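Below, chains carry the letters A, B, ... as their sequence lines are ordered, and counting in each starts from 1. Everything quoted here is computed from the prediction, not taken from an experiment.
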Amino acid sequence: MNQNMTNLEIAELLRSVAAAFELKNADKNRFRIIAYERAADAVEHESSELKDLWDEGKLKDVPGIGESIAMHLDEIFRTGKSKHLKDVMSGLPKAMFKLMEVPGIGAKTSFKLVKELNISDKNPFNELKKAIKEGKVNNIEGFGEKSASDILQSIEEQKNKSKRILLPYAQRIADEILEWINKDHSVVRAEPLGSLRRKASTIGDIDIAVASKKALQVIEHFCNYPKRVRVLERGERTASIILPSSIQVDLMVQSPESFGSLLQHFTGSKHHNIALREYSIKKGMSLSEYGIKQKGKLLKFKDEEGFYKKLGMEYIPPELREDSGEIEAALQSDIPKLVEIKDIKGDLQIHSDFDIETSHDLGESSMEEIVQKANDLGYEYIALTEHNPSQSGHNKKQFTDILKRKKEKIDKINYSISKDKNKRIQYVFNSLEIDILTDGKLPFDDEVLDILDFALVSIHSSFRKPKDEMTKRVLGAFDHKKVKIFAHPTARLLNERESIELDWPRIFDFCKSNKKYLEIDADPKRLDLPDFLVKEAVDSGVKLSMGTDAHHKNGMDNMIWGISVARRGWTKSSDIINTLSVKEIKKVLLG
DNA sequence: GCCGTTTTCGGCCCGACTGTTTTCAGTCG
């Protein structure tokens, strides 16, 4: 424990406390254990840092954190430790909490192993592995050959487990498995569910639901998937396999007349389902993957619409099912009509191969290829947004010359587009993605900027600066008249680089007052703004811009992933400037 | 320990699978 614990560390602490309670008062108060686990979940789920919420006196606004836990956290943030939580965990070996990271090892198993084998805190995983190999584990009461070797395998898999899977890659893996599953003739329908169906930016496990009257046959077929490394479990209705890189695939089978309930159950999220079930209990209904039980009778649902309707709710799109207000909205028929890919009329961040003498990466496709691709996608407009020419080795005249050359080329393209009545595409914006320098300035002055139609700004260096300094830096650059869009605003790279720290409410206010726009960068390794900030931005009345950040014409197909983020952020088409017609967007960007 | 669209007290989501047992505890999603 320390004064500056992150949400992840706090969640881990609360989970350890839950485990400690589980061991210490076995049957006394199991709901306290659940309360701590739910608090841990809530902290992990929370988009703001708890320390910041504590600063603002809002700790108890986090659902799952009440009087008592808030008090302990307050003590931690003030003094760096909590006497009570420390007492709860006292006498339990640290190694125990570490071993619980292994799938299949819970509190009780972990405690028993550490105690029986005298495992030290130093390297519990290696010590446990060694004990298993020496045959010491299968002699412990409650363990056997199989459980010992399962644990060994779990530790190994945990070690080589890849990071969370990027959305499009998870989709490809799921598509391949679906192709295999559909070879079984008893399969009526098969769908990828879980976080993949909710279109989360990264995916942990891959979940698949199948409608079939022959569950056992489907499960047999699934477990024979050629790319499997091993079968993790295999029951009458569900099965799990492990793929290379320790990717887990879970399968659930249900008869076609109940497939709607299975879709609903297996799509999740866990938080959404729990909230939904708690609400339903009050209405005298009990929900499960089999249907809705009411007065002892089981009602079955072929589709999800009927399921939600029975609960007195509007249909909730999968992307919204995170227990972040969607149930309340659905009860009041207040679910927004979410933006769709067909609403998008243009792509506002694309890099061509025009040699702009940048120190960043150039695109790989020519302007002409990109314009053709945009036309194929049905777009009315695009923006060509190469990185700015490098600062070193260019003086003002050279900047001007390069940008004038680019403008001439785009002018020609626009002229030829205007002559071709068969083309959907009507305008190419002459733009640029400009670095925000460390001091908040842009690399060149207004005269050079004037050559452009408009500009994007973004951060590509000095990512780790304090929130206030970073916010001033961004607003300094964003303030220029020609600058309309802040591109990939958090600068995060999924699995690789954390988001920068910004005062978001201040950024949102600035955008609203000054007609500036925040980008959703649709590049699958960015997906930036992240969904929860999209929701906050939209709630604050900020308008967004969509860009694929394509560095090759094929990258323009990535718009769909940006749309997924927008939808998860409760975005309507009117919240996004790229849904405007070419005539309207010129007023917005050229003004 | 948390929480309130019947409640400030009395509830707390629901079910599957596995190994080690011989009816169930532990774990997971």
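Residues A:Leu338 and A:Leu320 have side chains in contact (heavy-atom distance under 4.5 Å, counting atoms from C-beta outward). Inter-residue side-chain proximity for A:Leu276 and A:Ile327 is flagged as met; some heavy-atom pair is nearer than 4.5 Å.
Within the 4.0 angstrom heavy-atom criterion, only backbone atoms of the sugar-phosphate kind lie near A:Asp150; the bases stay farther away. Contact annotation for A:Asp207: no contact, since no heavy-atom pair falls under 4.0 Å across all strands. At the heavy-atom level, A:Ile69 lies under 4.0 Å from the strands shown only through sugar-phosphate atoms. Using a 4.0 Å heavy-atom distance criterion, A:Leu331 is classed as making no nucleic acid contact. As judged by a 4.0 angstrom heavy-atom cut-off over every strand, A:Glu145 is placed among residues touching the sugar-phosphate backbone only. No contact: A:Phe266 has no heavy atom under 4.0 Å from any strand. Here A:Ala107 lies in heavy-atom contact (under 4.0 Å) with sugar-phosphate atoms only. Residue contacts for A:Glu141: at a heavy-atom cut-off of 4.0 Å it reaches no nucleic acid atom on any strand shown. A:Lys112 comes within contact range of no nucleotide atom at all, as no heavy-atom separation falls under 4.0 Å. A:Leu276 comes within contact range of no nucleotide atom at all, as no heavy-atom separation falls under 4.0 Å. Note on A:Ser286: only backbone sugar-phosphate atoms sit closer than 4.0 angstrom, heavy atoms only; bases stay farther off.
The separation between A:Phe143 atom CZ and B:dC24 atom P is 21 Å, rounded to whole Å. When rounded to the nearest whole Å, the span between NE2 of A:His272 and P of B:dC13 equals 15 Å. For the pair A:Lys283 NZ and B:dG4 P, the computed distance is 15 Å after rounding to whole Å. Taking atom CD of A:Glu37 as the reference point, atom P of B:dT27 lies 11 Å away to the nearest angstrom. Counting to the nearest Å, the P atom of B:dC14 and the CZ atom of A:Arg30 are 12 Å from each other. Atom-to-atom, CD1 of A:Ile105 to C1' of B:dG19 comes out at 14 Å; the value is rounded to the nearest Å. Summarising the geometry, the separation between CD1 on A:Ile151 and P on B:dT20 is reported as 9 Å, rounded to the nearest angstrom. Atom CG in A:Leu232 sits about 11 Å away from atom P in B:dC28, given to the nearest Å.
Its glycosidic angle being more than 90° from 0, B:dT21 falls on the anti side.
Ring geometry for A:Phe77 versus A:Trp54: interplanar angle of 30 to 60°, hence tilted. Ring orientation note: the planes of A:Tyr36 and A:Phe21 are tilted relative to one another, at an angle of 30° to 60°.
Between A:Lys535 and A:Glu322, no side-chain nitrogen of the basic residue sits less than 4.0 Å from a carboxylate oxygen of the acidic one, so the salt-bridge criterion is not met. Salt-bridge formation is not detected for the pair A:Glu127/A:Lys129: no Lys NZ or Arg NE/NH1/NH2 atom is positioned less than 4.0 Å from an Asp or Glu carboxylate oxygen. Using a 4.0 Å cut-off between a side-chain N of Lys or Arg and a carboxylate O of Asp or Glu, A:Glu56 and A:Lys58 qualify as a salt bridge. A salt bridge does not link A:Glu496 to A:Lys525: none of the charged side-chain nitrogens sits closer than 4.0 Å to a carboxylate oxygen.
Between B:dA16, B:dC14, B:dC13, one nucleotide has an atom nearer to the side chain of A:Glu289 than all others, and that is B:dA16. Taking only side-chain atoms of A:Lys146, from C-beta outward, the nucleotide of B:dC2, B:dG15, B:dT20 with the closest atom is B:dT20. Relative to the side chain of A:Glu233, the nucleotides B:dC17, B:dC13, B:dT27 differ in distance, and B:dC17 lies closest. Here B:dT5 is the nucleotide among B:dT27, B:dC13, B:dT5 with the atom lying nearest to any side-chain atom of A:Gln332. If you check B:dA16, B:dC14, B:dT20 against the side chain of A:Thr238, the one that comes closest is B:dA16. If you check B:dT6, B:dC14, B:dC17 against the side chain of A:Arg277, the one that comes closest is B:dC14. For A:Glu278, the side-chain atoms get nearest to B:dC13 when compared with the rest of B:dG1, B:dC13, B:dT6. Checked against B:dG19, B:dG15, B:dC13, the side chain of A:Arg38 finds its nearest nucleotide in B:dC13. Distance from the side chain of A:Phe31 is smallest to B:dC12 among B:dG19, B:dA16, B:dC12.
At B:dG15, one or more side-chain N or O atoms of A:Lys293 fall inside 4.0 Å of OP1 or OP2 (strictly under the cut-off). Distances shown here put a side-chain N or O of A:Ser68 below 4.0 Å from the OP1 or OP2 atom of B:dG1. Listed pair A:Ser288 / B:dC13 fails the phosphate criterion, with no side-chain N or O lying under 4.0 Å from OP1 or OP2. The shortest distance between the side-chain N/O atoms of A:Lys270 and the OP1/OP2 oxygens of B:dC28 is not below 4.0 Å. Look at A:Arg32 and you'll find a side-chain N or O under 4.0 angstrom from OP1 or OP2 of B:dG1. Contact annotation: A:Thr109 reaches the phosphate of B:dT27 (side-chain N/O to OP1 or OP2, under 4.0 Å). A:Tyr290 has a side-chain polar atom (N or O) that falls below the 4.0 Å cut-off from OP1 or OP2 of B:dA16. A sub-4.0 Å separation between OP1 or OP2 of B:dT18 and a side-chain N or O of A:Ser147 is absent. Put simply, A:Lys282 has no side-chain N or O that comes within less than 4.0 Å of OP1 or OP2 on B:dT6.
Rounded to a whole angstrom, the distance from the P atom of B:dA16 to that of B:dT20 is 22 Å. With both ends at atom C1', the span from B:dC17 to B:dT23 equals 15 Å, rounded to whole Å. For the P atoms, the distance from B:dT6 to B:dC12 is 15 Å, rounded to whole Å. For the C1' atom pair drawn from B:dT18 and B:dG10, the interatomic distance equals 35 Å after rounding to whole Å. Taking the P atoms as reference points, B:dT22 lies 45 Å from B:dG4, given to the whole Å. Taking the C1' atoms as reference points, B:dT8 lies 23 Å from B:dC13, given to the whole Å. Of the C1' atoms belonging to B:dT7 and B:dG11, the separation is 9 Å, rounded to the nearest Å.
A donor-acceptor contact closer than 3.5 angstrom is absent between the side chains of A:Arg321 and A:Ser269.
Remark: B:dC12 base-pairs with B:dG1. Criterion, Watson-Crick or G-U wobble with two distances under 3.5 Å.
Remark: the A:Asn29 side chain and the B:dG1 base include a donor-acceptor N/O pair separated by less than 3.5 Å.
Contacts between residues 245-261 of chain A and DNA chain B, defined by a heavy-atom separation under 4.0 Å, are absent.
When each of A:Lys309, A:Arg197, A:Lys310 is paired with A:Glu304, the salt bridge (Lys or Arg N to Asp or Glu O under 4.0 Å) condition holds for A:Arg197 and for no other.
Applying the 6.0 Å contact sphere to CD of A:Glu328 captures more than 12 heavy atoms from other residues, nucleotides or ligands.
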Could you walk me through whether A:Asn7 and A:Glu44 pass the side-chain hydrogen bond (donor to acceptor under 3.5 Å, both in side chains) check?
CA-CA 6 Å; A:Asn7 285 8; A:Glu44 247 167 19; over 6 Å; no
